[in-house]
Amino acid sequence: MAISEQDWQEEQTRVTEVSTKISNKISQLEASVGDIRDVVIDMRKDFWDEVTVNFSNPDDLGETSTNLRQQSQVLAEREHAHLQSSKLLKKYRKLVESPYFGRIDFKEEGTSETETIYLGTGSFLDENMETFLVYDWRAPISSLYYDGAPGPAQYETPSGLVKGEMLLKRQFVIHSGQIKVLFDTGVTIGDELLQQVLSHSADDRMKSIVATIQKEQNAVIRNDKTRMLIVQGAAGSGKTSAALQRVAYLLYKYRETLRADQMILFSPNPLFNSYVSTVLPELGEDNMQQTTFQSYLEHRLGKEFDLEDVFTQTETLLNADDSLRYRAHLESISYKSSGAYLDTIRRYKELLEKNGMLFKPVVFQGKVIVSSDEMTAQFYGYDSAVKLAGRIDLMKEWMLKRLSEFAQSEKDAPWVEEQIELLDSDDYQRAFQTMKRKQKRKEETFDDFDKEKDVLAKMVISQRLKPVRRWIKRFRYVDVKGMYRKLFTDESLFRRAAGDPENLPAHWEDICKLTTASLDDKSLMYEDATPFLYLKELLQGFRTNTAIRHVIVDEVQDYSGFQLEFLKRLFPRAKMTVLGDLNQAIYAHGEALGSLENLVSLYGKEDTEVITLTQSYRSTHEIVDFTRQMIPGGERIVPFNRPGEAPRVIQVQDEEALNGTIISDIRELHEQGFQYVAVICRTEEESRRVHKQLSADIHTRLITKTTPAFEKGTLVVPAYLAKGVEFDAVIIYNGSEAVYHRESDRKLFYTACTRAMHKLHVYHIGEKSHFIPET
């Protein structure tokens with residue numbers, strides 16, 4: 001709706017007034033922050049001058065301790081005040097450029113007064129008038145802006161539902177204190193503002209979307225009632241953006257009880273962590289913890305095994321021919337990612353409570369301190385009512401006692417005397433200090449040869465047995481690898497554990513060969529890592545993290561049900577938000593997740609809510625209309641009305657012609673102002689070859705699983721690493737039937753094409769892939 005000149009001038013006058021007040025506040029804070037910083041620096045310099053240190057007697061010692069504590073407390077208070085003032089200063093510096101982006105006029109039911117609310121990325125209070133000149137977008141009343149249109153409206157507050165009427169909804173684009181765009185709207189967010197935002201170029205960092213949050217995205221952001229929130233969204237529907245604004249909202253609403261370090265994001269790859277790293281700081285919040293599931297597996301198992309990651313697994317499968325080994329590998333991944341295999345591991349643990357535990361003997365310098373048979377007898381000698389992990393813990397104490405007995409018996413061993421002779425003066429000094437501490441009378445001296453030898457022998461033995469003691473304390477005597485391997489070498493055992501004595505997974509013999517060969521090579525295939533770790537924890541006791549209160553899993557379609565069950569157990573006190581698109585399940589194990597119903601079963605219907613996002617904002621109408629034809633159910637995806645050029649599908653004669661045409665294409669795209677151009681290949685192997693060929697004529701950057709961040713220019717990237725990010729223009733390197741023909745390639749091809757914001761060019765040599773719709 002058009003704005004009159006008078007309204008525009010009145011709004012500009014207000015923007016100027018608010019900006020001026022914020023500027024004044026910034027000046028006050030800068031002076032205050034500087035003063036506090038100087039105080040903190042002086043306190044740190046003079047810390048010990050302000051403390052009376054006296055250790056003469058117990059009373060003086062107590063006084064010294066009190067002085068230290070008081071001085072430390074004062075310093076901590078000053079540092080906290082400096083931190084809070086600095087954060088406020090940072091917020092106001094952002095706010096002064098663009099104080100707000102929206103306005104609503106609301107009249108509460110039962111009152112005659114209309115309240116005018118201006119919304120920004122942060123709140124600003126006029127301390128003189130004690131009124132909010134700007135409300136934080138996360139405040140309860142702000143939800144009216146995102147959810148309502150002029151007319152009857154209501155919003156939730158901690159004290160209950162507030163009803164009334166929204167009389168006006170106005171939107172702004174303000175830069176450097178000047179209104180650039182201003183209009184009234186009768187819909188959630190006006191197309192004019194959204195069009196402007198979406199027409200911008202791509203970036204190497206995801207941006208905040210608080211000014212353009214849609215009603216369905218707002219439902220994701222403000223949902224805080226259910227234990228698990230599932231967001232199923234089409235490519236480009238803003239799932240990740242909404243999730244990050246959701247984190248900011250939760251940190252705002254529960255700021256008294258929730259901190260950023262109590263939230264964790266599991267992202268698809270390290271590159272994605274870099275891509276989203278600036279969103280929360282832009283909103284004035286600290287970043288939450290960010291990791292990948294692979295990083296966690298490396299942390300837990302990386303010292304024992306060479307772990308395959310999902311990218312290596314995918315690369316292997318994409319480059320494999322359609323052989324028996326390939327089909328067996330797919331079946332192995334599918335089965336080991338399933339709920340059926342999870343149940344198998346659980347039943348195996350129950351079988352082990354009665355029989356079949358394997359232990360590694362405790363050996364020192366070729367001497368067996370505790371044999372495997374002794375350990376087995378000890379384990380099954382405990383009361384069967386004691387849980388398996390409890391018995392393992394009891395064994396640890398028993399074995400440490402046996403180790404101490406062994407240490408005592410070794411005091412006169414020849415190797416001990418040899419080691420004593422090799423000790424240097426520092427070793428003798430340590431032994432002397434040990435002797436002094438143990439002597440009852442101070443007048444005794446270290447001149448008794450037998451006492452000296454006894455102390456030195458104990459010191460030598462203790463030092464040499466330290467690795468063995470640590471080995472025992474870490475439960476390394478439990479042969480988890482041997483027991484996991486046994487599932488694939490003892491068919492009758494597997495049948496009992498699987499609970500189905502009649503049926504085995506397809507290609508079982510080949511699955512067993514693949515698994516045992518990997519274990520014997522001290523490596524773990526990706527599909528084995530989580531089940532192996534799960535068995536390990538069933539045997540040794542689960543490590544849980546009770547400090548984390550909220551877990552966000554992005555690209556959840558890339559996780560198996562087994563992995564999600566593990567995360568649920570790892571974070572027992574946390575709520576969970578999972579985001580994904582089943583049409584982008586490009587990894588083999590992701591197929592095992594299957595459907596939304598399987599996700600809902602993780603916490604059950606009572607504790608789960610599903611929100612589906614069907615509107616796609618990333619790409620132009622033409623690109624969305626093109627890509628949605630590639631997948632079943634694509635007709636449910638709704639393109640946002642942003643017009644653009646139709647995708648090009650171009651046939652070339654051979655690879656030489658393909659490279660030449662693409663080089664010309666890239667130059668033309670950059671001349672048109674597109675800063676981020678991606679050449680997307682099917683595999684990393686193909687990406688490396690293409691990068692080498694193209695870089696002879698133009699500058700390109702190869703993206704691999706270890707690339708830390710994006711940068712402007714031309715990027716050559718495997719399709720599976722492009723997930724979750726977007727580019728101005730996408731060039732599909734070779735979308736021929738020869739390259740993309742398996743049904744398992746459909747979602748990979750769809751994912752690659754949906755990365756394009758403004759331009760999509762698909763090249764092919766020979767026959768085009770049957771996934772490409774007719775244009």
Side-chain angles (χ1 to χ4, degrees), residues 205-206 240 243-244 247 260-280 286-316 333 336-337 474 480 518 522-537 542-572 574 576-580 586-590 593 684 703-710 717-718 720-725:
R205 295 288 189 274
M206 181 177 281
T240 303
L244 292 169
V247 170
D261 62 3
Q262 292 176 306
M263 308 181 83
I264 187 167
L265 167 67
F266 281 89
S267 58
N269 52 57
L271 191 66
F272 186 84
N273 283 340
S274 169
Y275 182 60
V276 302
S277 62
T278 58
V279 175
L280 288 172
D286 294 332
N287 258 326
M288 60 187 155
Q289 297 186 57
Q290 293 176 224
T291 189
T292 62
F293 193 69
Q294 180 68 26
S295 295
Y296 180 75
L297 293 175
E298 291 282 356
H299 169 67
R300 295 297 311 279
L301 297 172
K303 291 181 180 178
E304 298 176 58
F305 296 99
D306 180 14
L307 293 183
E308 180 185 49
D309 59 44
V310 68
F311 310 118
T312 304
Q313 180 197 72
T314 301
E315 190 74 14
T316 300
I333 294 168
K336 291 172 182 175
S337 303
R474 292 179 179 175
V480 182
S518 173
K522 293 185 179 179
S523 61
L524 270 181
M525 294 186 292
Y526 185 72
E527 63 269 25
D528 281 309
T530 306
F532 182 92
L533 183 55
Y534 190 73
L535 176 63
K536 182 183 177 76
E537 299 219 331
F542 268 85
R543 294 190 190 183
T544 58
N545 186 327
T546 57
I548 295 296
R549 308 308 298 273
H550 209 113
V551 176
I552 298 98
V553 180
D554 204 1
E555 305 289 356
V556 71
Q557 75 278 357
D558 294 342
Y559 288 72
S560 68
F562 205 131
Q563 291 171 333
L564 292 171
E565 282 281 356
F566 188 87
L567 287 178
K568 175 185 173 182
R569 191 155 186 170
L570 178 60
F571 303 106
M576 189 177 285
T577 299
V578 300
L579 320 138
I586 63 175
Y587 299 129
H589 64 275
L593 187 60
E684 183 178 327
I703 302 298
T704 69
K705 64 184 180 182
T706 59
T707 303
F710 283 122
V717 55
Y720 53 81
L721 284 181
K723 288 171 64 66
V725 294

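Both backbone and side-chain heavy atoms feed into the values below; hydrogens, waters and symmetry mates do not.
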Using modelled atom types and a 3.5 Å cut-off, is there a donor and acceptor pairing between side-chain atoms of Ser267 and backbone atoms of Thr292? no
Arg300: which residues meet the salt bridge (Lys or Arg N to Asp or Glu O under 4.0 Å) condition with it, sequence neighbours left out? Glu537
CG/Leu570 to CZ/Arg543 distance, rounded to the nearest 0.5 angstrom? 10.5 Å
Between Met525 and Leu307, is a side-chain contact (heavy atoms from CB on, under 4.5 Å) present by the stated rule, with each step listed? CA-CA 7 Å; Met525 294 186 292; Leu307 293 183; over 6 Å; no
Gln313 side, atom CD; Ile333 side, atom CD1 - distance, nearest 0.5 Å: 3.5 Å
Hits for salt bridge (Lys or Arg N to Asp or Glu O under 4.0 Å) against Lys336, two or more places apart or cross-chain, chain-then-number order -> Asp528
With sequence neighbours excluded, residues passing salt bridge (Lys or Arg N to Asp or Glu O under 4.0 Å) with Asp554: none
So Phe311 and Asn269, side-chain contact (heavy atoms from CB on, under 4.5 Å) or not? Walk me through it. CA-CA 10 Å; Phe311 310 118; Asn269 52 57; 3.7 Å; yes
Can you tell me how far CD of Glu308 sits from CG of Leu297, rounded to the nearest 0.5 angstrom? 11.5 Å
In Å and rounded to the nearest 0.5 Å, what is the OH to CG distance from Tyr296 to Leu567? 8.5 Å
Val551 to Val553 - nearest heavy-atom pair and separation: CG1-CG2, 3.9 Å
Output all residues satisfying side-chain contact (heavy atoms from CB on, under 4.5 Å) with Glu565, sequence neighbours left out; order by chain, then residue number. Leu342, Arg346, Lys568, Leu602
Would you check if Ile552 and Val578 make a side-chain contact, meaning some heavy-atom pair closer than 4.5 Å? no
Can you check whether Met576 reaches Phe571 side chain to side chain, under 4.5 Å on heavy atoms? no
Does Lys705 pair with Glu315 as a salt bridge, N-O distance under 4.0 Å? no
Measure the spacing between OG of Ser523 and CG of Leu301 and express it to the nearest 0.5 Å. 12.5 Å
Indicate the atoms forming the closest heavy-atom contact of Gln557 with Gly580, along with that distance. OE1-CA, 3.1 Å
Given the rule in the side-chain contact (heavy atoms from CB on, under 4.5 Å) test, do Asp261 and Met288 qualify, once you have shown the distances and angles that lead to the verdict? CA-CA 5 Å; Asp261 62 3; Met288 60 187 155; over 6 Å; no
Determine, step by step, whether His550 and Val247 satisfy the side-chain contact (heavy atoms from CB on, under 4.5 Å) criterion, reporting the C-alpha distance in whole Å, the side-chain angles of both residues, the deciding distance to 0.1 Å, and the verdict. CA-CA 9 Å; His550 209 113; Val247 170; over 6 Å; no
For Leu579 and Ala243 the tightest heavy-atom approach is CD1-CB, 3.4 Å
Can any side-chain N or O of Thr316 pair as donor or acceptor with the backbone N or O of Thr312 at less than 3.5 Å? yes
Of all the heavy-atom pairs spanning Pro572 and Thr546, show the shortest one and how long it is. CG-CG2, 4.1 Å
In chain order, what residues pass the side-chain contact (heavy atoms from CB on, under 4.5 Å) check against Thr291, with sequence neighbours excluded? Ile264, Phe266, Ser295
Partner set under side-chain contact (heavy atoms from CB on, under 4.5 Å) for Ala547, not counting sequence neighbours: Asn545
What is the distance from atom CD1 of Ile586 to atom OH of Tyr720, rounded to the nearest 0.5 Å? 9.0 Å
Name the orientation class of the two ring planes belonging to Phe305 and Phe532 (parallel below 30°, tilted from 30 to 60°, perpendicular beyond 60°). perpendicular
Is the distance from the ring center of Phe542 to that of Tyr534 below 6.0 Å? yes
Could you go step by step and tell me if Glu298 and Lys303 meet the salt bridge (charged side-chain N to carboxylate O under 4.0 Å, His left out) rule? CA-CA 8 Å; Glu298 291 282 356; Lys303 291 181 180 178; over 6 Å; no
